[in-house]
There are 2 protein chains.
Amino acid sequence: MSNGKTTLRDVAAAAGVSPMTASNALHGKAGVKQSTRAKVLEAAERLNYRINLTASMLKSGRSNIIHIIVNEFDSPFYSRLVQSLANETTARRLTPFVEQTRYSPDAAKQALTTNPFSGQLFDGEIIHASGLGTNLPLAKMNAGRPLVLIDGCEENPSVDTVNFPNEEGARAAVQHLIERGCRRIAIVGGGYTPRVKLAHVETSYGLRLRGASGALLDAGLPYDGSVTFNGYNSKEGMKAGHEIGDLIIASYRHQIDEPPIDGVFCANDYSAFGVIRGLADHGLRVPDDVKVIGIDGTSFGAYSTPTLSTIQVDLDQLAQFALDMITRRIEERMHGGTTVAPTRATIGYQLVARESTEIVRR
Amino acid sequence: MSNGKTTLRDVAAAAGVSPMTASNALHGKAGVKQSTRAKVLEAAERLNYRINLTASMLKSGRSNIIHIIVNEFDSPFYSRLVQSLANETTARRLTPFVEQTRYSPDAAKQALTTNPFSGQLFDGEIIHASGLGTNLPLAKMNAGRPLVLIDGCEENPSVDTVNFPNEEGARAAVQHLIERGCRRIAIVGGGYTPRVKLAHVETSYGLRLRGASGALLDAGLPYDGSVTFNGYNSKEGMKAGHEIGDLIIASYRHQIDEPPIDGVFCANDYSAFGVIRGLADHGLRVPDDVKVIGIDGTSFGAYSTPTLSTIQVDLDQLAQFALDMITRRIEERMHGGTTVAPTRATIGYQLVARESTEIVRR
DNA sequence: TTGAAAGCGCTAACAT
DNA sequence: ATGTTAGCGCTTTCAA
């Protein structure tokens with residue numbers, strides 16, 4: 001016991017066995033007599049022994065730590081994502097190590113490459129970060145180490161990927177607005193992209209735009225630069241709400257019958273709250289004057305005023321898929337197995353209709 | 001280079017120096033010739049060398065990792081807290097390792113005691129977790145390892161502690177309601193505790209209650225079981241909102257002049273959103289019918305409808321204080337210095353008045 | 001069923 | 001300014 005810390009040696013000595021036997025006993029390995037194991041466990045307990053993981057890792061090359069990389073902690077969406085991933089990681093007796101890139105592609109790249117923890121301390125990595133779109137860099141960056149990409153949106157993924165139901169979800173959201181009677185539907189998110197350019201998009205917003213615009217065109221409704229607005233978070237969403245509000249107020253003034261906008265699809269919930277706020281600043285009410293739907297399904301939408309209709313994505317399923325993939329790769333790696341081609345999965349979603357898209361009798 | 005991984009040996013060999021010189025060169029230690037350092041760095045770059053942290057930790061006993069323990073990731077408050085702590089940790093060239101206890105005191109205890117990472121892998125720990133109130137266990141649990149407690153609320157802290165302005169903030173919030181004309185103020189949080197029992201409370205809510213009730217009594221307003229409600233999150237807050245709404249509606253029916261409740265102080269923002277939602281379910285409007293104020297200052301209050309008045313606490317300052325304390329303890333420990341008595345600090349706050357407490361002309 | 005030897009990759013301490 | 005030695009605490013391998 002050097003330096004006040006009990007080592008395996010101490011435990012072994014106290015139990016009257018070799019360090020190796022003590023190690024095996026503590027790890028519950030087969031081939032240790034019951035009585036011997038009992039002695040060892042007792043000694044460990046008595047001496048308050050705790051394994052030194054650095055030593056264990058150094059020798060075994062495994063840490064059971066999964067590196068989870070996201071853009072930031074403090075957003076309703078990411079905090080929920082991290083929660084799901086961390087819970088599922090823990091459930092599988094692995095340890096989650098969460099890191100944020102703060103939306104810097106450099107930081108994300110660094111997290112995977114120059115960061116000395118990566119690949120040495122971590123058994124695998126799960127990443128959801130912006131600016132990592134393209135194919136080649138990723139596979140190379142991780143140099144064959146177990147890696148799962150969240151919402152990579154690649155057509156031909158080079159690594160295991162779990163995608164959000166971007167296109168399907170956005171389509172369902174817009175169809176819902178149409179069913180609720182909307183005829184002039186705005187899209188708030190990353191602005192306008194013509195349909196032809198959406199054919200092979202590989203970004204989350206691009207896919208959402210494809211789904212949303214598809215639903216509009218299928219219903220014979222307009223999709224062009226006049227119905228798209230910028231707004232990816234609450235702050236920007238509020239600005240979009242102001243712009244939309246300006247249009248509506250102007251139409252009132254000119255006594256135009258058809259409202260210029262009567263429904264809004266927001267590329268995420270966070271932005272939707274901002275839009276509602278922005279409309280409220282102009283005295284416009286949701287759903288009375290304009291209906292609003294988001295996508296993501298952050299828990300907050302159930303308690304806001306009005307409560308928010310949204311596309312709820314199944315983040316627990318996402319976490320399960322991601323951990324299935326990563327553990328499979330880790331196993332594969334341990335047993336030097338054959339490398340299987342990258343897998344892809346898309347998680348489920350559910351339309352949750354709440355007050356913000358209710359039909360209001362006038 | 002065994003197993004495809006470049007080791008320090010490889011770099012040293014390639015640069016034509018000893019491993020020790022290579023190590024010193026890579027770490028920028030003094031006493032290495034410029035030309036030698038250059039050779040080493042070039043070799044490391046070329047061979048794509050990355051230090052093996054497990055080995056380094058094992059030998060040096062330092063990891064530069066700070067363990068951050070919180071109740072959960074997915075709450076507006078905790079995600080913001082973690083963000084601040086993680087940013088500040090990174091800014092000091094340390095690595096944050098975030099863990100959630102999911103509100104289980106056992107998990108918190110385990111994170112500090114039986115978790116093998118603790119004290120072996122981590123240089124220090126910062127914890128904000130429920131169920132860790134009492135003095136003795138904590139100091140013991142961490143067995144002298146650097147530890148900082150967030151919002152421990154102890155009268156005589158046994159470890160370094162950074163507290164929230166619980167009492168002062170709650171007092172300011174209630175005084176604000178009074179200034180805005182409220183005369184029947186409800187407190188939504190953890191229920192009722194008589195004043196005498198609040199004299200030596202050591203919990204966050206207890207202190208908030210002391211501040212709030214103090215402000216009420218000082219103004220000659222009632223503080224008793226009839227003005228306190230349970231509601232610590234949005235869901236419970238919504239229920240409290242329903243209860244308060246019931247009271248108000250009943251008073252309308254009985255044509256009572258004085259409203260039974262005209263202001264609500266919520267023990268956190270999250271709960272405040274729920275209260276507003278609950279009141280809305282009864283057709284009651286904020287601030288028109290009831291004024292509401294929260295405490296914490298989560299960013300969301302700026303975009304909600306109505307925007308939420310709150311006590312904004314300075315989480316960046318909290319992170320600074322906490323890291324000052326922990327790095328001081330780590331240094332102290334390295335240099336075997338004298339153990340200084342536990343420090344305590346309370347962070348600042350700011351009253352942010354928004355729509356939810358605006359005076360409405362009828 | 002148990003133990004002895006060897007070494008993971010690095011760095012503190014001590015030479016040179 | 002550079003190199004040598006030793007060993008952190010554990011586990012893999014092989015022998016008993």
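Residue numbering restarts at 1 for every chain, and letters A, B, ... go by the order of the sequence lines.
Considering only side-chain atoms of A:A55, the nucleotide from D:dC10, D:dG3, C:dG3 that sits closest is D:dC10.
The distance between the ring centers of B:F97 and B:F122 falls below 6.0 angstrom.
Contact between the side-chain N/O atoms of A:Y49 and the OP1/OP2 oxygens of D:dC10 is found at a separation under 4.0 Å. Under 4.0 angstrom from either OP1 or OP2 of D:dT11 there lies at least one side-chain N or O belonging to A:S56. For A:T21 and C:dG3, the shortest distance from a side-chain N or O to OP1 or OP2 is below 4.0 Å. Not one side-chain nitrogen or oxygen of B:S23 sits closer than 4.0 Å to the OP1 or OP2 atom of C:dC10.
Rounded to whole angstrom, the span from the NE2 atom of B:H27 across to the P atom of C:dT11 amounts to 4 Å. One can place CG of B:N24 at 13 Å from P of C:dA13, the figure rounded to the nearest angstrom. For the pair A:R50 CZ and D:dG9 P, the interatomic distance rounds to 15 Å; values are reported in whole Å. Remark: P of D:dG9 and CG of B:N52 are 17 Å apart, rounded to the nearest angstrom. Between A:M20 atom CE and D:dC10 atom P there is a gap of 11 Å when expressed in whole angstrom units. If you measure from atom CE of A:M57 to atom P of D:dT12, you get 14 Å, rounded to the nearest angstrom. To the nearest angstrom, C1' of C:dT1 lies 13 Å from CD of A:Q34. Taking atom NZ of residue B:K59 and atom C1' of nucleotide C:dA13, one finds them 9 Å apart after rounding to whole Å.
A:N163 and A:E154 share no donor-acceptor pair across their side chains, judged by distance under 3.5 Å alone. A donor-acceptor contact under 3.5 angstrom links the side chains of A:N71 and A:Y78, judged on distance only. Between the side chains of A:D316 and A:S84, at least one donor N or O sits under 3.5 Å from an acceptor N or O.
Heavy-atom neighbours of A:R9 CZ from other residues, nucleotides or ligands within 6.0 Å: at or below the threshold of 12.
Both A:K29 and B:P19 lie close to DNA chain D; mapped to their nearest nucleotides by heavy-atom distance, the more 5′-ward contact belongs to B:P19.
Contact annotation for A:T36: backbone-only contact, meaning every heavy-atom pair under 4.0 Å involves sugar-phosphate atoms and none involves a base.
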